[in-house]
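Comments concern the structure below.
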Protein chains: 2
Amino acid sequence: MSKSIFYHAGCPVCISAEHDIINLVGEQNVELVNIGKDRTRITEAENAGVMSVPALVTPNGNTLHINFGASMADVKG
Amino acid sequence: MSKSIFYHAGCPVCISAEHDIINLVGEQNVELVNIGKDRTRITEAENAGVMSVPALVTPNGNTLHINFGASMADVKG
């Protein structure tokens, strides 16, 4: 199975969801990207359809928005 | 690992998320509950913190709201 990508911005909602996703999917199956810190990957996230974080982009390219931490506009500041 | 429970109401957003969750977590690790049909489980879902569907309640009791299909008020009608 190829990896999912979990985009977050370090917010409390994000961290909580990150732990849940790792428990569910397995740490080896998900790449964690903090787009609050690694801002070079914001465009990649937006191109994948990420409208808010936390969000999980699945191996088949679907984007699952999980709860609501912050809008992309807030992350970009 | 004990099972997660995926609550949905049969809406297109729900079905799409259901397929993604099954692919990610594995069909044997998640119970699928259509609270639009199986209305006896609406109270159980609400007690688990489900405010909208689709939602995934993890084995440790956290509720992940995924995208947005329908509010519990809409499901209850």
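Numbers restart at 1 for each chain; the letters A, B, ... are given by sequence-line order, proteins then strands. None of the values given here were measured: they were computed from a predicted structure.
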| request: Could you please state which residues from residues 60-68 of chain B sit under 4.5 angstrom from chain A, measuring non-hydrogen atom to non-hydrogen atom, sorted by number, or 'none'? | output: N60(B), N62(B), T63(B), L64(B), H65(B), I66(B), N67(B)
| message | Would a single hydrophobic cluster contain both V75(B) and I5(B), if residues Ile, Leu, Val, Met, Phe, Trp and Tyr are joined by side-chain heavy-atom contacts under 4.5 Å? | response | yes
| query | Transitively linked via ILVMFWY side-chain contacts under 4.5 Å: V33(A) with V50(A)? | reply | yes
| task | Treat each ILVMFWY residue as a node, draw an edge where side-chain heavy atoms are under 4.5 Å apart, and state whether I21(A) and V30(B) are in one component. | result | yes
| task | Inspect the surroundings of CD in Q28(A) and state if more than 12 heavy atoms from other residues, nucleotides or ligands are less than 6.0 Å away. | result | yes
| With respect to L24(A), which candidate in N29(B), L56(B), L24(B) satisfies the side chain to side chain contact (heavy atoms under 4.5 Å, CB included) definition? | L56(B)
| In terms of hydrophobic clusters joined by side-chain contacts under 4.5 Å, are L32(B) and V25(B) together? | yes
| query | Same cluster or not: are F6(A) and I22(A) linked, directly or through other Ile, Leu, Val, Met, Phe, Trp or Tyr residues, by side-chain heavy atoms under 4.5 angstrom apart? | reply | yes
